[in-house]
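See structure below.
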Amino acid sequence: MSDPFDDIPFGDEPGPPAAPGQPSGIAARAMAARRGPPPRDYLEGLNGEQRRAVETTDGPVLVLAGAGTGKTRVLTTRIAHILSLGLAWPSQILAVTFTNKAAREMKERIGILVGEAVEGMPWLGTFHSIGVKILRRHAELAGLRSDFTILDTDDQIRLIKQVIQAEGLDDKRWPARTFAHMIDGWKNKGYGPKDIPEGDARAFANGRGRELFSAYQDRLKTLNACDFGDLLCHPIRILRDNPDVLADYHSRFRYILVDEYQDTNTAQYMWLRLLAQRPRSKTPSSVASGDTFSHHGEKEGRLPSPLVGEGGSPRSGETGEGYSSGFEEAPFPGDLPSPAEGRARDDAPDDFSSAPAERSRASGDSASENKINICCVGDDDQSIYGWRGAEVDNILRFEKDFPGSTVIRLERNYRSTEHILGAASHLIAHNEGRLGKTLFTELSDPDHDKVQVHAAWDSEEEARAVGEEIEQAQRRGHNLNDMAILVRASFQMREFEDRFVTLGLNYRVIGGPRFYERMEIRDAMAYFRVVAQPADDLAFERIVNTPKRGLGDASVRMVHDYARARGIPMLEAAGEIVQTEEMKPKPRAALRELVDSFKRWRDLLEKTPHSELAEVILEESGYTAMWQNDRSAEAPGRLENLKELIRSMEEFESLRSFLEHVSLVMDAEQNADLDAVSIMTLHAAKGLEFETVFLPGWEEGLFPHQRSLDEGGRSGLEEERRLAYVGLTRAKRHCHLWFVSNRRIHGLWQSTIPSRFLDELPAAHVDVAEAPTNYGGFGGYGASRFDKAEAFSANRSTPGWQRAQQNRTEATSRNWGSRSGVAVERIGYGETDSGFGAGRKSVKGRVIEGELVAKSVSDTPSTFSTGDRVFHLKFGNGNIVAVEGNKLTVDFDKAGQKRVLDGFVERV
DNA sequence: GGGCTATATATTTTT
DNA sequence: TATATAGCCC
């Protein structure tokens with residue numbers, strides 16, 4: 001991740017390719033033409049639609065890219081095209097993705113096309129990383145310092161818990177986790193505490209939701225920290241409230257490209273709109289006023305302008321149920337011009353190369369003449385993240401949002417056989433409200449396998465049979481790397497893993513907790529964070545007693561309370577407390593030692609290479625020793641991980657950039673050399689492809705998942721169906737669906753019925769592979785269950801049945817086979833240590849808000865003087881004999897002379 | 001401060 | 001069933 005501060009200031013940027021002084025517009029093009037066309041090798045091999053998607057550089061473009069139609073290729077080629085035509089400098093292109101992986105891949109592929117130029121693309125990244133970049137430059141506008149910390153989910157929950165407790169609420173009755181989800185949901189919509197619907201606010205903690213949200217935001221601000229949602233919301237607010245800042249970005253970006261547009265949430269949508277739509281000739285503030293965003297995607301109908309934040313008058317007078325709906329058709333307000341408004345597509349050439357930003361600025365013009373051309377690529381049929389805030393509506397509404405846009409459909413599929421596409425297309429056609437695409441392929445061959453549906457008695461047998469299929473394929477010479485098992489829910493993975501271990505079959509599990517979520521890594525990171533940012537209380541609390549220093553609940557609480565009362569970071573508070581006798585000698589000595597250590601490490605920060613410093617920290621803090629002395633089985637692995645952490649730090653130029661990398665990029669690399677079957681969830685499989693795909697668990701209740709049906713109704717079902725579509729379209733040649741008759745859920749066996757999705761498959765492209773009615777539990781399952789009924793053979797002479805029988809015997813005899821020698825890779829999987837609780841007593845940040853705090857806040861440090869009679873909670877009454885700043889020496893009646901902090905005594 | 005037992009709870013997950 | 005966490009006791 002590049003250092004956010006190293007970015008080129010506007011003024012120093014090279015002018016756009018039509019160099020200053022040279023004619024622009026048609027003339028420039030004419031001149032370019034005279035010099036001969038720019039190299040266009042990169043266009044070769046594109047089909048007509050792909051080419052159109054690449055070459056339509058003017059005006060808003062929506063590319064509806066079905067599965068396997070070359071989406072990434074279009075996106076990267078389009079950038080290469082813009083660059084090589086000289087339509088923009090690399091730094092004038094904003095290219096956003098959702099995941100780091102996608103960003104990395106895009107960068108790589110652009111690099112192949114344009115070489116070094118990709119290095120000049122500072123604005124290629126995830127929504128979040130670009131959000132951070134914007135936020136770091138204008139942090140003060142969000143009430144932060146530019147060295148703010150980014151909290152991950154774990155920190156966020158810990159902080160919320162503290163807030164809930166501080167408000168005097170029972171954190172058991174009102175779990176922090178639940179509230180964290182609510183906050184995420186609000187932030188996905190761009191809401192600040194003042195904007196949330198009354199109903200939402202009432203739903204938590206006896207109607208104190210808004211209060212809590214607000215308190216949480218305040219805490220973040222004092223901690224100089226952001227959660228992930230803030231990385232989107234703060235920039236939106238900054239852009240919206242600061243026309244000059246917005247104008248800067250408007251003149252900066254000339255092309256915006258968005259990947260996976262169907263996954264954008266409302267906040268991301270708003271963010272894009274702000275950047276992509278500039279006012280015609282008015283001041284940028286016309287776009288910046290909150291009320292221009294009537295995002296109608298809300299089911300509730302009209303909502304207050306999100307992020308009205310300070311000063312806005314959100315929804316006063318509106319009751320929770322009083323929303324009017326019917327905004328579905330609302331066009332975007334007319335005063336928000338679209339980039340292409342008023343320009344028919346045909347006259348596009350006239351403003352083909354509009355005046356570069358620099359020129360218009362130089363000539364004193366507003367940047368209003370420039371267009372920002374947005375191009376969104378996505379597939380409404382692959383929208384599977386509705387449950388975390390994605391609004392399919394954003395893509396469905398694109399043409400309305402960006403009038404004059406071009407919609408290009410990529411329907412030629414290069415991945416799958418006609419049967420796989422036929423099955424997938426037929427299935428997805430059961431959804432309503434699609435933009436509609438029909439994938440086709442030229443990869444047609446009578447020899448191609450149809451999609452196979454298999455039945456099994458229970459999940460164990462399912463795993464056994466899949467394992468057998470895999471071994472057979474392997475025997476036929478297929479690589480395990482070309483096979484994947486895609487499950488609906490991760491608990492399904494276990495049975496496959498167990499089976500593969502007994503079979504000695506290599507596998508890799510993708511997804512789940514990652515490297516940076518492991519306990520030891522998070523602990524180490526917490527040390528580094530405190531050194532880099534002494535105000536990071538969450539980090540401090542995490543490691544204050546790790547390794548054990550005898551600083552228990554009481555000690556930590558004292559530091560915490562004192563820090564909050566004084567409004568200072570805990571480390572600083574600790575520094576003051578250790579100079580007194582507030583604490584018993586033992587914890588005090590331990591705390592002093594820690595405080596001194598941090599001081600020492602911080603001094604080293606400037607002088608020592610950061611990876612070296614990291615080693616010193618882990619060594620001197622006793623953290624390494626803690627694991628060395630640990631006799632448990634995981635300890636060596638943890639030490640190994642710590643070494644790996646330090647090794648990976650070397651790749652970064654500073655501790656700061658390393659910490660930023662970790663907070664945003666949490667993925668682990670995989671071992672490409674290992675030949676292994678992949679096991680992952682359907683969600684994790686999006687974007688991937690495999691020669692052979694196994695899709696187990698197609699049963700009602702699991703897939704579609706009961707919970708989706710219960711909570712999401714029809715749209716929930718449709719999202720499940722899209723998930724099925726994603727699953728099917730991952731397969732290139734072979735696709736096997738499975739359902740079982742009995743599945744163990746939460747420990748009890750339940751009999752299940754085949755998924756309705758199986759009924760929705762077209763008979764022409766599907767085979768029932770084996771149908772042993774008395775054994776596999778097909779029951780009524782058979783041809784009639786398919787859409788266009790066709791006869792299926794369902795007798796025991798089928799190879800499938802025989803194989804099934806064979807599997808059974810083979811499997812039992814093999815059960816005792818060697819367990820060793822199986823290569824198991826867990827991509828992104830740590831041990832089962834989800835969170836901060838494992839192996840450690842969690843530090844209770846119980847905060848006593850109330851009298852004591854109120855008093856100490858109102859007391860200025862110097863209100864005590866020698867001779868005052870005071871009361872101390874622990875030492876009782878006494879007389880002050882000396883005052884030294886906020887430290888008092890008191891002669892207590894019973895305890896004798898002690899040094900205490902003024903915050904801990906009250907006048908009597 | 002550590003270790004034990006009781007108890008709730010159980011999709012999908014990126015940043 | 002199995003896993004994580006919270007409370008309790010020493």
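Numbered from 1 within each chain, the chains take letters A, B, ... in sequence-line order. Not measured: the values here are computed from a predicted model.
The phosphate of C:dA6 has OP1 or OP2 within less than 4.0 Å of a side-chain N or O from A:K161. Taking 4.0 angstrom as the limit, A:T681 places a side-chain polar atom (N or O) nearer than this to OP1 or OP2 of B:dT13. A close approach under 4.0 Å does not occur between any side-chain nitrogen or oxygen of A:N100 and OP1 or OP2 of B:dT14. In terms of phosphate contacts, A:S490 brings a side-chain nitrogen or oxygen within less than 4.0 Å of OP1 or OP2 of B:dT12. Phosphate contact (OP1/OP2 of B:dG2, side-chain N/O of A:K548, threshold under 4.0 Å): present.
To the nearest whole angstrom, the two C1' atoms, one in B:dT12 and one in C:dT5, are 23 Å apart.
Of the charged side-chain nitrogens involved, none lies within less than 4.0 Å of a carboxylate oxygen, so that A:R464 and A:E461 do not count as a salt-bridged pair. Using a cutoff of 4.0 Å between basic side-chain nitrogens and carboxylate oxygens, A:D227 and A:K187 are scored as salt-bridged. Salt bridge A:E593/A:R549: absent, no basic N to carboxylate O contact under 4.0 Å. In this structure, A:R104 does not pair ionically with A:E108, as no charged nitrogen and carboxylate oxygen lie closer than 4.0 Å. Under a 4.0 Å N-O distance rule, the pair A:E460/A:R744 does not qualify as a salt bridge.
Atom CG in A:D170 sits roughly 11 Å away from atom P in C:dA6 (whole-Å rounding). Rounded to a whole Å, the CD1 atom of A:I745 is 17 Å from the C1' atom of C:dT3. Computed from coordinates, the A:D259 CG to B:dT15 C1' distance equals 15 Å when rounded to whole Å. Rounded to an integer number of Å, the gap from A:L723 CG to B:dT12 C1' is 7 Å. Look at NE2 on A:H746: it is 12 Å from P on B:dT9, rounded to the nearest Å. Following rounding to the nearest Å, A:R743 (CZ) and C:dT1 (P) show an atom-to-atom distance of 18 Å. Computed from coordinates, the A:E699 CD to B:dT11 P distance equals 16 Å when rounded to whole Å. For A:Y385 and B:dT11, the OH to P distance is 17 Å, given to the nearest whole Å.
Across B:dT14, B:dT11, B:dT15, the shortest atom-to-atom separation from the side chain of A:R707 is found for B:dT11. In this structure, the nucleotide among B:dT12, C:dT5, B:dG1 sitting nearest to the side chain of A:N545 is B:dG1.
At a threshold of 4.0 angstrom between heavy atoms, the contacts of A:G550 are confined to the sugar-phosphate backbone, with no base atom among them. At the heavy-atom level, A:R488 lies under 4.0 Å from base atoms of the strands shown. A:L551 comes within 4.0 angstrom of sugar-phosphate atoms only, judged by non-hydrogen atoms across all strands, and of no base. A:E720 comes within contact range of at least one nucleobase, with a heavy-atom separation under 4.0 Å. When heavy atoms are screened at a 4.0 angstrom cut-off, A:R494 is found touching the sugar-phosphate backbone but no base atom.
Nearest-nucleotide positions on DNA chain B place A:E719 closer to the 5' end than the other of A:T126 and A:E719. Comparing A:K172 and A:L682 against DNA chain B, the residue whose closest nucleotide sits nearer the 5' end is A:K172.
In B:dT11 the O4'-C1'-N dihedral to the base is within 90° of 0, which defines a syn nucleotide.
With its ring centre under 5.5 Å from that of the base six-membered ring and a plane angle below 30°, A:W387 counts as stacked on B:dT12. For the pair A:H128 and B:dT15, the ring geometry does not qualify as stacking, because the centroid separation below 5.5 Å and plane angle under 30° are not jointly satisfied.
Between A:L702 and A:R488, the shortest heavy-atom contact is O-CG, 3.1 Å.
Among A:T729, A:D379, A:D263, the one residue that satisfies the side chain to side chain donor-acceptor pair (under 3.5 Å) test with A:K686 is A:D263.
Pairing partner, B:dT11: none, since no Watson-Crick or wobble contact has both distances short of 3.5 Å.
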